[in-house]
Q: 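Take this structure first; my questions come after.
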Protein chains: 2
Amino acid sequence: MGTTDTKTRILDAAQCLIQSRGINGMSYQDLSESVGIRKASIHHHFPSKLDMLNALLQRYQHEFADTVDAIVQSKITGKSKLKRYCALFQGTLATGEDGKTCLCGMMIAEIASLDDSGVQKIRQFVRTNTQQIVAMIESGMADGSLATQKSPKAVAELVLATLEGGLMVARSSGGPQQFDSIVNQLISLLTR
Amino acid sequence: MGTTDTKTRILDAAQCLIQSRGINGMSYQDLSESVGIRKASIHHHFPSKLDMLNALLQRYQHEFADTVDAIVQSKITGKSKLKRYCALFQGTLATGEDGKTCLCGMMIAEIASLDDSGVQKIRQFVRTNTQQIVAMIESGMADGSLATQKSPKAVAELVLATLEGGLMVARSSGGPQQFDSIVNQLISLLTR
DNA sequence: CGAAAACTACCAATTAGTAGGTAGAAATGG
DNA sequence: CCATTTCTACCTACTAATTGGTAGTTTTCG
């Protein structure tokens, strides 16, 4: 039927709640109410909260990496790739009533609440994204759409930091509009 | 002399705990153990947790603004001011065993756990910092140490976002070294 | 049937917060 | 000057609610 897999619905609800309230701001009780099944049933699918967080991180990480890979592989200028990449983050902020953050950005803030396996997944996310941004920058350097930089890796780290931080700052004050302004400024600095 | 005010010691402990674990990762019990007085005594100084968070935000905001003002007023190039400003954030990350974040950055992540008064203080922090960065940039444009930009405000927002995000990203993976690299790249982009 | 998925009904631990008491310093007032 | 009161800072001991998690039972469905 129209019913999505319960496990998926739980992860969806968890992701939404965490993106706006944080790991420790979301409880199994919240999930229960949000999904519409009892708390114990959530435990049936994800025995412990750490299990759930890890499953969530895994899903997010893979989905995100695939989406970005499609951008990296596409036949457009490096600058356009970078713009589309930034648009992914813009989408996150725009979605939902209150401003939401990158799941991984939020989890980094509360990284002390994760287990080793979770921390590793966060590191993997950062590593993968950095490499993918490097690929976009190199592509842009090759086609002339981005200004040549000595260290693409340092630029990539800067881009990721700016996007993660931009989500945070924008959600506290200026909203999507401010985030757009930050992104435009970033792209502009990398263009000349 | 040797004894610091208890209220101050509580705020110090709270700030340290929040910077590494987050608002919801710190309890009055944690504070009790950290400060060395009973939990009820913490309530004597700060009746509710929200009271404490607001007091903490107020203190942090004023201290930080004063420190930055001293930098803005100093007789050095705009670029040097910006470097010193970034160094404030670098100091935060280096302090403490585990990587700590900007108090406000952490609180933005968990902004849903604050009351209206707290949210306003966060907004004030962002606004003040942005204005102060604008002042540094304009100073740098005037003395030629920074490249002229159309919109100093947009650049300032980018700088703040990069620093806040840089703290997050660096604490998950590369540590102070990675943060330094990001800062250098940022300054470099604003120089040419 | 039989397994997966849901349920009811718990539990122990922790949470923020309260009630009420004590020791000592500071203010008050005859 | 001394006795009383008041205030501050802390304490022990509690509460009500919520937390993550478990045990065992029923429902659903291929």
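All chains are named by letter (A, B, ...) in the order of the sequence lines, taking the proteins before the strands, and each is independently numbered beginning at 1.
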Q: Between C:dC7, D:dC11, C:dG17, which nucleotide has the shortest distance from any of its atoms to the side chain of A:A40?
A: C:dC7
Q: Can you find a side chain N or O atom of B:T6 that sits less than 4.0 Å from OP1 or OP2 on D:dC10?
A: yes
Q: Rounded off to whole Å, could you give me the NE2-to-P distance for the A:H43 and D:dT19 pair?
A: 11 Å
Q: Nearest whole Å is fine: how far is C:dT14 P from B:N24 CG?
A: 17 Å
Q: How would you label the contact of A:S27 with the nucleic acid (heavy atoms, under 4.0 Å): base, sugar-phosphate, or nothing?
A: sugar-phosphate
Q: Nearest to the side chain of A:K39, heavy atoms from C-beta on, is which of C:dA6, C:dT8, D:dG21?
A: D:dG21
Q: Please determine, by modelled atom types, if A:Q124 and A:T128 share a side-chain donor-acceptor pair under 3.5 angstrom.
A: yes
Q: Just the rounded figure in Å: distance from P of C:dA16 to CG of B:D115.
A: 15 Å
Q: Using the rule that Ile, Leu, Val, Met, Phe, Trp and Tyr join whenever any side-chain heavy atoms are under 4.5 Å apart, tell me whether A:L190 and A:I76 fall into a single cluster.
A: no
Q: Would you mind reading off the distance between B:H45 atom NE2 and D:dT8 atom C1', rounded to a whole angstrom?
A: 9 Å
Q: With no hydrogens and no angle check, just 3.5 Å: does a side-chain donor-acceptor pair link A:T77 and A:S80?
A: yes
Q: Between A:K81 and A:S74, does any side-chain donor sit less than 3.5 Å from a side-chain acceptor?
A: no
Q: For A:Q29 and D:dG21, give me the distance from atom CD to atom C1', rounded to whole Å.
A: 13 Å
Q: Using modelled atom types and a 3.5 Å cut-off, is there a donor and acceptor pairing between side-chain atoms of A:S173 and backbone atoms of A:A170?
A: no
Q: Contact class for B:M52 vs. all strands (heavy atom < 4.0 Å): base, sugar-phosphate, or nothing?
A: nothing
Q: Indicate whether OP1 or OP2 belonging to D:dT22 is found under 4.0 Å from a side-chain N or O atom of A:H44.
A: no
Q: Side-chain N or O of B:S41 less than 4.0 angstrom from OP1 or OP2 on D:dA9?
A: no
Q: How close or far is atom C1' of C:dA16 from atom CD1 of B:I42, stated in whole angstroms?
A: 13 Å
Q: Within this structure, what is the CZ-to-P distance between A:R9 and C:dA5, rounded to whole angstrom?
A: 12 Å
Q: To the nearest angstrom, how far is B:L31 atom CG from C:dG17 atom P?
A: 12 Å
